[in-house]
There are 2 protein chains.
Amino acid sequence: MTNPRLNRRDVFPPTGPEISAKSWLTEAPMRMLMNNLHPDVAENPHELVVYGGIGRAARTWDDFDRIVGALKALEADETLVVQSGRPVAVVKTHADAPRVLIANSNIVPHWANWEHFNDLDRKGLMMYGQMTAGSWIYIGSQGIVQGTYETFAEAGRQHYGGDLRGKWILTAGLGGMGGAQPLAAVMAGACCLAVECDETRADFRIRTRYVDEKTRSLDEALAMIERWTKAGEAKSVALIGNAADVFPEIVRRMKAGLPMPNGRPDIVTDQTSAHDPVHGYLPQDWSVAEWRERQESDPKAVERAARASMRVHVAAMVDFWNAGVPTLDYGNNIRQVAKEEGLENAFAFPGFVPAYIRPLFCRGVGPFRWCALSGDPEDIYRTDEAMKRLFPENEHLHRWLDMARDRIAFQGLPARICWIGLGERHRAGLMFNEMVAKGELKAPIVIGRDHLDSGSVASPNRETEAMKDGSDAVSDWPLLNALVNTASGATWVSLHHGGGVGMGFSQHAGMVIVADGTEAAARRLERVLWNDPASGVWRHADAGYEMALDCAREHGLRLPAILGN
Amino acid sequence: MTNPRLNRRDVFPPTGPEISAKSWLTEAPMRMLMNNLHPDVAENPHELVVYGGIGRAARTWDDFDRIVGALKALEADETLVVQSGRPVAVVKTHADAPRVLIANSNIVPHWANWEHFNDLDRKGLMMYGQMTAGSWIYIGSQGIVQGTYETFAEAGRQHYGGDLRGKWILTAGLGGMGGAQPLAAVMAGACCLAVECDETRADFRIRTRYVDEKTRSLDEALAMIERWTKAGEAKSVALIGNAADVFPEIVRRMKAGLPMPNGRPDIVTDQTSAHDPVHGYLPQDWSVAEWRERQESDPKAVERAARASMRVHVAAMVDFWNAGVPTLDYGNNIRQVAKEEGLENAFAFPGFVPAYIRPLFCRGVGPFRWCALSGDPEDIYRTDEAMKRLFPENEHLHRWLDMARDRIAFQGLPARICWIGLGERHRAGLMFNEMVAKGELKAPIVIGRDHLDSGSVASPNRETEAMKDGSDAVSDWPLLNALVNTASGATWVSLHHGGGVGMGFSQHAGMVIVADGTEAAARRLERVLWNDPASGVWRHADAGYEMALDCAREHGLRLPAILGN
Ligand SMILES: NC(=O)c1ccc[n+]([C@@H]2O[C@H](COP(=O)([O-])OP(=O)(O)OC[C@H]3O[C@@H](n4cnc5c(N)ncnc54)[C@H](O)[C@@H]3O)[C@@H](O)[C@H]2O)c1
Ligand SMILES: NC(=O)c1ccc[n+]([C@@H]2O[C@H](COP(=O)([O-])OP(=O)(O)OC[C@H]3O[C@@H](n4cnc5c(N)ncnc54)[C@H](O)[C@@H]3O)[C@@H](O)[C@H]2O)c1
């Protein structure tokens, strides 16, 4: 029997101004689906895997083909319905309704665990959608470079007076997301030692200039860091090894006072795919080949061993924290696993969201991104310039846009990301739409965001960790976000479960909207790009954050039970 | 401190053709919310409880007032957003978008249990929405009378050649839903012995003629049943007692060959609120007063004791099953609790859905209901007649409509329910809309359904128990149902978690649409009342049910991955 998920063919999205679907509103999801599987974008495109362990864009290759076929045939008053990567139905709707509605990996709570999911997955009844994989708005590493850069920069501000020169960051995982860490660290001015067990992943990051050096020796890696930090140079090294071995060894040396740059790492974090204990985390003392083989033949054994190693790994992170090193969980659920494995103080160190991101969410600020359907980098450079003109006083934004142009290679369709908030996003969208209308860009622009955003996610170990009112686990909010975006006229809307923290631990919603230069699109953009970040402002205002309440008042939001208006 | 959920005021929906909101599309949800709390409709309106233990219509009385205020002010291009019974925001949408979007009781799976919910509930961050309580389309007992009648009649067909004369049904629970059982049994031709611990509940059912007699003595109850079954009379008796005592006692007598009508019950089921172990099930040897008091003061103790009693209760049901008595779980999750309490064979007897309801769901047949906003019973009688004319050959429907008119007293706004399917619902909706347009009815009609329907629920212990492909727990389907109804233009749409089987065990979606006699409404009705049952047909077609596949082909549904079209 052939594997319906394996195919040697390479997928590239069409580019340019000619379309094969019936409108840009259906051409756009088709190109973006294909872009998610572009060889420069996806981690493992031949198996439909976009990023994050097993985050897929379609359930099988047949489903991929049928989605493409359905999108090409879709009329302006029809909607394609996708259930866990499978195009189940085409229904009659209307022009202002979304063209695609997606639900991925959702399981009734009592059964929402990896074991049940894997069983459904094996039976061909599901796929894992991650966040932007199954919702067709992944754009490669740039998204995560930006987010990680903001996080490291904020950590630098809070702990090192805003200056990361001569500092070094210890982390692990150079996968789809984690691979952004060395570059983000370097952009933020710091050195970076990243432990990665799979040499091919490290090589990929060397090739794309996200990481500078590679070694198999901890001594050698530390010597490089020593040299760079001394010289005030921001550079990075990938250490081929297992984080569950390396982290405790560095703790040992630190405690023993053995030589080490600055005597200890200056920031510690981790981006192995710990959220998926079967596919995402190499157990100690296993080879990568053995690991991959036994993921198929004996997944339970892999899981057991991986979970035990994660406990060791987190225990070392707690040691760093207790020694005063700023340590943060980067949203992969590793503390939860360690806790379940009996590590009582696994949650001693914080997640990155309450530590650094929540103040942004209170103002609806989050990972706004856009992509040039023309495929022409010039279109993005034009929007870069236009964004600088639209927000002339936002220096932080200007610096990011300049650095990004310089250091970040486009992957697949050219795209840009920056964090902006309520009152800004709809203005950017309307401006892009006008640029399309005026012919300043060669084709329409697609505008979307990560599910990790202000109003679109409930994830108590990550985005909604430690909410002020204790509402961390309330998932009415992301469901309402999806319903509101559907009612407002986004081009496609998705509801996912699992994402970066794994089965059972989050529910979240995606939104993408096309600026095709029409009047109708302008009306939809204005509604969607206002309501979507606004939903984050109400969510945080309802939780009692003053900053969100101020933002709501300032923007005249009507919040009956919250502001009494 | 005053309890924000307690208020002595009585709520009655306005009736007649004058409206105080800006359109019928906003007047309708306002009247229906109020109707849910009408003293003749709600189980405990002063505490905002509509039915099913703690299923509420609004989170607090303040929230109720603010919802009403917001609906009155809502414009034709605005949407009210309700989070667990609290009106959090008013957003700009468009005329074809829903006027209200609701998410109730949704919790991220890992935290989706009673303990966490109760904690959120106590903190004022949530309410329990049940199914139609928080989505404002509960119409009193009629809905459940119809469903229960269909179920008992089908059981009669399968086990007793279609004739329930001289047979008797043993059950428990005469609450909001369960109270329908004696009447449904009698309508289906059987006698009924219903155990109820709370005498006030039994008295309410006596007053409304849903049950015929009441006693505190099992011997007396059995003597009545003996008399009636012998005489071929269909009548019912409420036995005041605890089901966990009475069921085993009847088993004991049956096994011992002691005198009993027919030597054993002919059908056994149960509708205590077992889904909610703190508020829904009286533990053995507790008084009702003590139970209520300790629900507040020591909920953990209540839960422990209730769960232990449920085990005893289910063990007796398994004994009936093993003795050859048709025994069914009526969707209150009692088998799950018994299993968790260590009763290995708790799932020996089936749920009512796979046993009797699934074949209907495969054709999109489910609990279609409508309500006369005029408040005038004549409007319903007119629609009854019109339905008979629209479906002239459906004898089953005709019989139900006649019996319902005869035996069922309206509660609150007059309403009717009947089970119809894909291809029928939109015709009924369009017909009602035309009747409104022509002035044949005094005001618009509201059309909705239970969340227990063909495409709107994932509930592995009830609606999706034992699906052919093993997809019982896949909840992409109800989420897609809500998104599709939102995109199609339903007047209000809701997404709930918990419902009748309790926290962690189901996710489901509600839909209501207003037939106000306009052309625009006709277009929306045609889309919504087609897509909504169609979503049930695809869900079952995807699971491999031939009947659903046939139905899909027959109606020309476009299902890319399922039919390849
Ligand atoms: N926004 C967020 O909250 C956020 C951002 C980035 C990443 N994450 C999370 O971080 C994790 C990583 O994401 P990704 O997309 O990079 O995943 P990925 O699966 O593509 O990469 C994980 C990498 O870790 C490596 N690895 C696994 N076990 C290891 C071990 N024991 N030692 C060293 N290396 C090991 C793997 O070889 C792989 O290259 C995920 O859990 C993701 O959800 C969250
Ligand atoms: N469609 C369905 O699947 C469906 C239909 C009807 C009911 N149900 C389920 O059935 C249950 C009942 O619903 P309801 O709305 O009537 O609830 P309810 O809370 O209004 O009524 C439950 C009744 O059971 C009585 N009771 C509790 N413990 C008892 C005991 N030990 N012995 C005897 N009586 C006892 C209570 O006094 C109460 O009157 C719920 O769990 C509901 O979800 C499901």
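Below, chain A is the first sequence line, B the second, and so on; all start at residue 1. Everything numeric here is computed off the predicted structure, so don't read it as measured data.
Heavy-atom distances place the side chain of B/Ala70, and not its backbone, under 4.5 Å from chain A. At a 4.5 Å heavy-atom cutoff, the contact between A/Asp469 and chain B is made by backbone and side-chain atoms alike. Only the backbone of B/Asn104 has a heavy atom closer than 4.5 Å to any heavy atom of chain A. For B/Glu526, no part lies under 4.5 angstrom from a heavy atom of chain A. Contact of A/Ile102 with chain B is made through the backbone alone, with heavy-atom distances under 4.5 Å. Of the two parts of B/Ser506, only the backbone, made up of N, CA, C and O, holds a non-hydrogen atom closer than 4.5 Å to a non-hydrogen atom of chain A. For chain A, no part of B/Thr60 is nearby; none of its heavy atoms comes within less than 4.5 Å. Looking at B/Val528, there are no atoms closer than 4.5 Å to chain A (heavy atoms on both sides), in backbone or side chain. Only the side chain of B/Val81 comes within less than 4.5 Å of a heavy atom of chain A; its backbone N, CA, C and O stay farther away. Contact annotation for A/Asp63: only side-chain heavy atoms (C-beta onward) come within less than 4.5 Å of a heavy atom of chain B. Looking at B/Asn531, only its side chain comes within 4.5 Å of chain A, counting heavy atoms on both sides. In this structure, no portion of A/Ser535 lies under 4.5 Å from any heavy atom of chain B.
Annotation: residues 111-128 of chain A contacts chain B through A/Trp111, A/Ala112, A/His116, A/Leu120, A/Lys123, A/Leu125, A/Met126 [non-hydrogen atoms, separation under 4.5 Å]. Chain B is approached within less than 4.5 Å, heavy atom to heavy atom, by A/Trp538, A/Asp542 from residues 537-545 of chain A, ordered by number. Listed by sequence position, A/Leu495, A/His497, A/Gly504 are the residues of residues 495-504 of chain A in contact with chain B, using a 4.5 angstrom heavy-atom cutoff.
The salt bridge (Lys or Arg N to Asp or Glu O under 4.0 Å) search around A/Arg335 returns A/Asp329, A/Glu465, not counting sequence neighbours.
The nearest pair of heavy atoms linking B/Leu479 to A/Asn106 is CD1-CG, 3.2 Å.
The backbone N or O of A/Ala487 lies less than 3.5 Å from no partner atom in the side chain of B/Thr486, so there is not a single donor-acceptor pair.
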